[in-house]
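Atoms considered below: every heavy atom in the structure, side chains included; atoms not considered: hydrogens, waters and symmetry mates.
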Amino acid sequence: MAKKTLKEGRKKHFNVQAGKLYEIKDGKLIKKNKNCPRCKKTMANAKGREFCGGCGYTISAKKE
Ligand SMILES: [Zn+2]
């Protein structure tokens, strides 16, 4: 079965969900992700990498 192609004009949109960015621990709201060193926006975390949607800054996870 062939997948239907995406409708024209549909953009790949990276939607950051608040529930993924914050975690409630001991009744406190903790921000999971770091802030971007460049533009101070909250960075998205994907597979060990942190990516800033604001300026495109990416931090690769260090192998230790
Ligand atoms: Zn940034």
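- For the pair Cys52 and Met43, the tightest heavy-atom approach, listed with the atom from each and the gap, is N-CE, 3.8 Å.
- Here the shortest heavy-atom pairing between Tyr57 and Cys36 reads CB-SG, 4.0 Å.
- In this structure, the side-chain contact (heavy atoms from CB on, under 4.5 Å) partners of Leu29, at least two apart in sequence or on a different chain, are Tyr22, Ile24.
- A distance of 10.0 Å separates CD in Glu50 from CG in Asn35, rounded to the nearest 0.5 Å.
- Across every non-hydrogen atom of Arg49 and Ser60, the tightest pair is CG-CA, 4.1 Å.
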